[in-house]
Each structure stands twice: as structure tokens, then as C-alpha cells.
Colleague: 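Pasting in a structure now, in C-alpha cells, and then I'll have a few things to ask.
When a ligand or atom number is given, it counts from 1 through the structure's own listing order.
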Amino acid sequence: MTEPECLFCRIVAGEIPAIIVRETSNTLAFRDIAPKAPTHVLVIPKEHYADVATLAMDDPALAGEVLATVADVAAAEGILGDGFRVIFNTGALVGQTVFHAHAHLLGGVAMDGELTG
Ligand code: 5GP
Ligand code: ZN
């Protein structure tokens with residue numbers, strides 16, 4: 001299912017350009033337009049789910065595919081060994097702005113363990 005007004009569904013459809021770094025049959029990975037780290041890639045299921053909770057409950061296998069793509073991109077970016085951070089903002093309260101489930105893959109720089117902000 002796709003949502004015609006959804007920004008990330010439109011990237012999947014090729015209607016909005018993005019720098020795509022990996023594509024599988026069910027997932028897409030592309031660079032964040034406003035990177036917060038040297039590597040900042042968004043990994044999404046091609047199918048529309050509003051957030052990772054909905055995705056995980058409705059299709060846990062697809063949620064696993066998203067994480068597998070995160071790992072593949074981390075390897076391709078050369079940050080698998082040094083380490084990286086994966087964030088799923090879930091809900092407006094914690095800063096989700098695009099309501100199509102997406103993992104932020106962040107790496108390439110040292111980070112402290114502070115997770116709130
Ligand atoms: P959220 O705040 O929902 O967790 O993350 C949404 C992310 O999407 C933000 O980091 C933002 O920079 C990114 N973003 C917003 N619009 C676009 C766009 O048109 N293209 C790309 N590649 N990233 C976008
Ligand atoms: Zn969507």
C-alpha cells in the first residue's frame with residue numbers, strides 16, 4: 001500500500017529524487033537530506049507503515065528486512081567495525097516528522113551515550 005501524499009512513498013515511486021545507496025525488493029536506503037553525521041542514511045520499507053511499531057506488529061519479517069538493510073548499508077559505508085547508531089523516531093512527541101517508518105543509520109563520528117535531547 002502506498003500513500004500518495006507521503007514523502008517517502010513518493011521517493012519509492014521515483015517522484016521525488018533521492019540519493020539511493022541500496023535497494024532490495026522490499027526496502028530502500030537513501031541519504032538524509034539534512035545529514036546529522038558523516039553517514040546519515042534512512043532505511044525504509046517500500047510499503048507504507050506510519051511508524052516502526054505499526055510495521056513490527058503488522059509485518060515483523062519486513063521489520064527484520066529493514067534491519068538487514070541497515071546492516072548491509074553500514075558495511076558498505078565502512079562503519080560496521082567502528083560502530084553506528086540506529087534510531088526510529090516514533091511519534092511526534094519524540095520528533096518524528098515523516099510518518100512513513102524509517103531507520104536513521106548514523107555513523108562515521110564518535111558519539112556519546114546521551115540518547116535524550
Ligand atoms: P524524522 O524526524 O521523521 O525521524 O526523520 C525524517 C528525516 O527525513 C529527517 O532527518 C529529514 O532530514 C529527512 N528528510 C525530510 N525530507 C526529506 C527529503 O525530501 N529527502 C530526504 N532524503 N530526506 C528528507
Ligand atoms: Zn509512505
Side-chain angles (χ1 to χ4, degrees):
M1 196 181 82
T2 59
E3 297 280 335
E5 302 303 319
C6 170
L7 176 64
F8 289 173
C9 283
R10 296 188 69 194
I11 287 176
V12 171
E15 295 170 6
I16 292 176
I19 301 171
I20 293 169
V21 297
R22 192 168 193 89
E23 181 169 11
T24 70
S25 49
N26 297 319
T27 70
L28 191 68
F30 52 93
R31 298 202 187 280
D32 196 291
I33 203 168
K36 302 290 194 295
T39 290
H40 187 175
V41 172
L42 302 174
V43 182
I44 66 170
K46 289 182 177 176
E47 197 174 344
H48 181 89
Y49 290 92
D51 57 43
V52 71
T54 311
L55 168 64
M57 286 187 275
D58 288 2
D59 193 340
L62 180 56
E65 287 186 50
V66 168
L67 288 178
T69 298
V70 166
D72 288 342
V73 172
E77 295 282 314
I79 58 174
L80 201 53
D82 284 343
F84 56 88
R85 182 171 289 172
V86 183
I87 296 172
F88 290 90
N89 290 328
T90 306
L93 180 68
V94 299
Q96 187 178 3
T97 59
V98 178
F99 288 85
H100 180 131
H102 53 279
H104 293 261
L105 166 61
L106 295 152
V109 67
M111 302 175 191
D112 64 27
E114 185 61 61
L115 293 177
T116 57

Colleague: So which bit of I19 gets within less than 4.0 Å of ligand 1, heavy atoms only: side chain, backbone, both or neither?
Modeller: neither

Colleague: Report, rounded to 10°, the angle at the Zn ion (ligand 2) between the two atoms SG (C6) and SG (C9).
Modeller: 120°

Colleague: Could you go through H100 and I11, starting from their C-alpha distance and side-chain angles, then the distance that decides it, and tell me whether this counts as side-chain contact (heavy atoms from CB on, under 4.5 Å)?
Modeller: CA-CA 11 Å; H100 180 131; I11 287 176; over 6 Å; no

Colleague: Determine, for E77 against R31, whether the closest basic-nitrogen to carboxylate-oxygen distance falls under 4.0 angstrom.
Modeller: yes

Colleague: Under a 3.5 Å distance rule, please check whether H40 uses its side chain to pair with a backbone N or O of I33 as donor and acceptor.
Modeller: no

Colleague: Just heavy atoms, cut-off under 4.0 Å: does I87 contact ligand 1 by side chain, backbone, both, or neither?
Modeller: neither

Colleague: Closer than 4.0 Å to some heavy atom of F8 - which atoms of ligand 1 meet that?
Modeller: 8 (O)

Colleague: I'd like to check which ligand 1 atoms, numbered from 1 as shown, lie under 4.0 Å from a non-hydrogen atom of F30.
Modeller: 22 (N)

Colleague: My understanding is that we take every heavy atom of each candidate and find the minimum distance to atom 22 (N) of ligand 1. Doing that for Q96, H104, R31, H40, which one comes out nearest?
Modeller: R31

Colleague: Please name the atom of H100, restricted to N, O or S, that is closest to the Zn ion (ligand 2).
Modeller: ND1

Colleague: Test side-chain contact (heavy atoms from CB on, under 4.5 Å) on T39 and F84 and set out the steps.
Modeller: CA-CA 9 Å; T39 290; F84 56 88; over 6 Å; no

Colleague: Give yes if a backbone or side-chain nitrogen or oxygen of G95 is under 3.5 Å from a nitrogen or oxygen of ligand 1, and no if not.
Modeller: yes

Colleague: V73 and V70: same hydrophobic cluster, using ILVMFWY side-chain contacts below 4.5 Å?
Modeller: yes

Colleague: Would you tell me which option among V98, L106, D32 has the nearest heavy-atom contact to atom 12 (O) of ligand 1?
Modeller: D32

Colleague: Tell me the protein heavy atom at minimum distance from atom 16 (N) of ligand 1, and give that distance in Å.
Modeller: L7 CD2, 3.3 Å

Colleague: Closest N/O/S atom of H48 to the Zn ion (ligand 2), by atom name?
Modeller: ND1

Colleague: Please work out whether any backbone atom (N, CA, C, O) or any side-chain heavy atom from C-beta onward of T97 is under 4.0 Å from ligand 1, and answer side chain, backbone, both or neither.
Modeller: both

Colleague: Relative to the heavy atoms of A34, which atoms of ligand 1 are at a distance of less than 4.0 Å?
Modeller: 12 (O)

Colleague: Got a donor-acceptor contact below 3.5 angstrom from the H104 side chain to the H102 backbone?
Modeller: no

Colleague: The test is side chain to side chain donor-acceptor pair (under 3.5 Å); show your working for T69 and D72 and say whether it passes.
Modeller: CA-CA 5 Å; T69 298; D72 288 342; 5.2 Å; no

Colleague: Look only at interatomic distance and state if H102 has a nitrogen or oxygen under 3.5 Å from any nitrogen or oxygen of ligand 1.
Modeller: yes

Colleague: Among all protein heavy atoms, pick the one closest to atom 24 (C) of ligand 1 and tell me residue, atom and distance.
Modeller: I33 CG2, 3.4 Å

Colleague: side-chain contact (heavy atoms from CB on, under 4.5 Å) between L115 and R85: does it pass, once the steps are laid out?
Modeller: CA-CA 10 Å; L115 293 177; R85 182 171 289 172; 4.0 Å; yes

Colleague: Would you confirm whether Q96, through its side chain, and V98, through its main-chain N or O, come within 3.5 Å as a donor-acceptor pair?
Modeller: yes

Colleague: In this structure, are over 12 heavy atoms from other groups packed under 6.0 Å from E5 atom CD?
Modeller: no

